[in-house]
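Take a look at the structure below.
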Number of protein chains: 2
Amino acid sequence: MARPKEFDVDQALASAMNVFWSNGYKATSLGDLTGAMGISKSSMYETFGSKHDLFLSTIEHYIRTVTTQISGAAHIDAPAVKVIKALFHRAVQRMAEPNSRRGCYLNNCAVEVSVRDTEAGERVEKGLDMMEEAFFELVQRGQREGDISTRHDPRSMARFLVSSLNGILVMGKAHASTDKLNDVVDITVNALA
Amino acid sequence: MARPKEFDVDQALASAMNVFWSNGYKATSLGDLTGAMGISKSSMYETFGSKHDLFLSTIEHYIRTVTTQISGAAHIDAPAVKVIKALFHRAVQRMAEPNSRRGCYLNNCAVEVSVRDTEAGERVEKGLDMMEEAFFELVQRGQREGDISTRHDPRSMARFLVSSLNGILVMGKAHASTDKLNDVVDITVNALA
DNA sequence: GATATTCTGAACCATTCCGTCCAGAATATA
DNA sequence: TATATTCTGGACGGAATGGTTCAGAATATC
């Protein structure tokens, strides 16, 4: 009878994602990965394939676990504009936490690899589309609730929010303070009215 | 009598910058650099120091040549809000050009290296501060001209513009079409009113 | 105890990498 | 022609890299 798999595949995947998220794809070594995942190189290759395959899996993992939180937030029972504001402030807040100034993983991947790595680019695009979908639902609800202007179509406004959130997180990586980022959040949300 | 330096240092620096801008810091090899710069490895090390030193010089070069264009734009004799709109649309337009979907070099550096590379981070921050300064002047002028609302202070609005522009360019790297990016530009500029 | 599978640490491999050094060529001036 | 500097291509070194393979240990079940 076979020895059952001993490590939690999903947990190892989450650990790998965290390392890629902090260091970037190219700057992450196999040693970084196995150290963070707590498994040997053989097991890693056996389970996940190549470094690049593992990388692609981490993007999918991020979409399954983090991006769906934004999708989930779209259904929070509160005024849509308040949900949007809370999402943005929360993202800024996380940038201020120790060892957490990583921004959005999809953001990072978009900048570092999307142009040259088509496979990664497809996954990143899918994730950003999910974010847009979540914001789209929130904007529509906000427009029904009368808090969000109907001057612009909700699809464009959703893209505006995805873009703005990404921009804010990039600013955060470039050392902008939380106060400054929150100022930008306020103007962004104000733009919806 | 000594042999005069034969290659244009500034042009070589510009070539190096373009390679780092397209590939990213880590994914750019010495071979990539010497090939693009058209000089030998010895000459490169003699003139620019290490690969990392060269990298830092390219960020400074970008600030001197590209970021100052935005500063220059602040003094264009046209309504400020139109200058801002033109800057944004021009940036989006460049994303659509072949082999040009590189986004903003400061953006890319902020995401890839700023958190871990303090020296690069300082330079990136300086460059983004210059962009903010340019937008600050434009917003102030726009407020005087009556086209930009005085509801928000111009410093925050300037940061909002830097952040928004960066977010739009990240979206562009993640395959968003020019039409979609221009929609976001329109909402962004509309937010100034 | 036997069987079957997983996991480990490390050897191994080929390649790539950054950076230094060097002999000789190239160039400009006196 | 002599001198001094720059430039080249490549050798070299040490390190790091991604990936493969393997003997043996560990584990679970029969």
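Treat the numbers as computed from the prediction; the structure is a model and nothing was measured. Side-chain atoms are counted along with the backbone in the values below, which use heavy atoms only and exclude waters and symmetry mates.
Closest to the Ser42(A) side chain, of the nucleotides dT8(D), dT21(D), dT20(D), is dT21(D). Side-chain proximity of Ser40(B) to dC7(C), dG19(D), dT8(D): nearest is dT8(D). Of the candidate nucleotides dC7(C), dC7(D), dG19(D), dC7(D) has the atom nearest to the side chain of Phe7(B).
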Exercise for the section: Go through Lys41(A) and Glu46(A) one step at a time and tell me if the salt bridge (Lys or Arg N to Asp or Glu O under 4.0 Å) criterion holds. Expected result: CA-CA 8 Å; Lys41(A) 203 157 56 169; Glu46(A) 166 66 21; over 6 Å; no

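Looking at Ser29(B), its side chain has no donor and acceptor atom pair within 3.5 Å of the base of dT16(C). Contact of Ser50(A) with dG18(D) (side chain to base): no donor-acceptor pair of N or O atoms is detected under 3.5 Å. One cannot find a donor-acceptor pair under 3.5 Å joining the base of dG9(C) and the side-chain atoms of Lys41(A).
The interatomic distance linking Phe48(A) (CZ) with dC7(C) (P) rounds to 10 Å, in whole Å. Distance CG (Asp8(B)) to C1' (dT6(D)): 16 Å, rounded to an integer number of Å. Atom-to-atom, CG of Leu30(A) to P of dT15(C) comes out at 17 Å; the value is rounded to the nearest Å. Taking atom CE of residue Met44(A) and atom C1' of nucleotide dT17(D), one finds them 12 Å apart after rounding to whole Å. Separating the CD atom of Glu46(B) from the P atom of dT20(C) is a distance of 11 Å, rounded to the nearest angstrom. Residue Leu33(A) contributes atom CG, which lies 10 Å from atom P of dG19(D) at whole-angstrom precision. When rounded to the nearest whole Å, the span between CG of Asp32(B) and P of dC18(C) equals 9 Å. Here the C1' atom of nucleotide dT20(D) and the NZ atom of Lys51(A) are 17 Å apart, to the nearest Å.
Within the 4.0 angstrom heavy-atom criterion, only backbone atoms of the sugar-phosphate kind lie near Thr28(A); the bases stay farther away.
Screening Trp21(B), Phe55(B), Phe20(B) for a ring pair (Phe, Tyr, Trp, His ring centres under 6.0 Å) involving Tyr62(B) leaves a single residue, Trp21(B).
Put simply, Ser43(A) has no side-chain N or O that comes within less than 4.0 Å of OP1 or OP2 on dT6(C).
Side chains of Lys173(A) and Asn107(A) form no contact here, defined as non-hydrogen atoms less than 4.5 Å apart. The closest side-chain heavy-atom distance from Glu122(A) to Thr118(A) is below 4.5 Å.
Ring-plane geometry between Tyr25(A) and His52(A) is classed as perpendicular, the angle between the planes exceeding 60 degrees on a 0 to 90 degree scale with a lower cut at 30.
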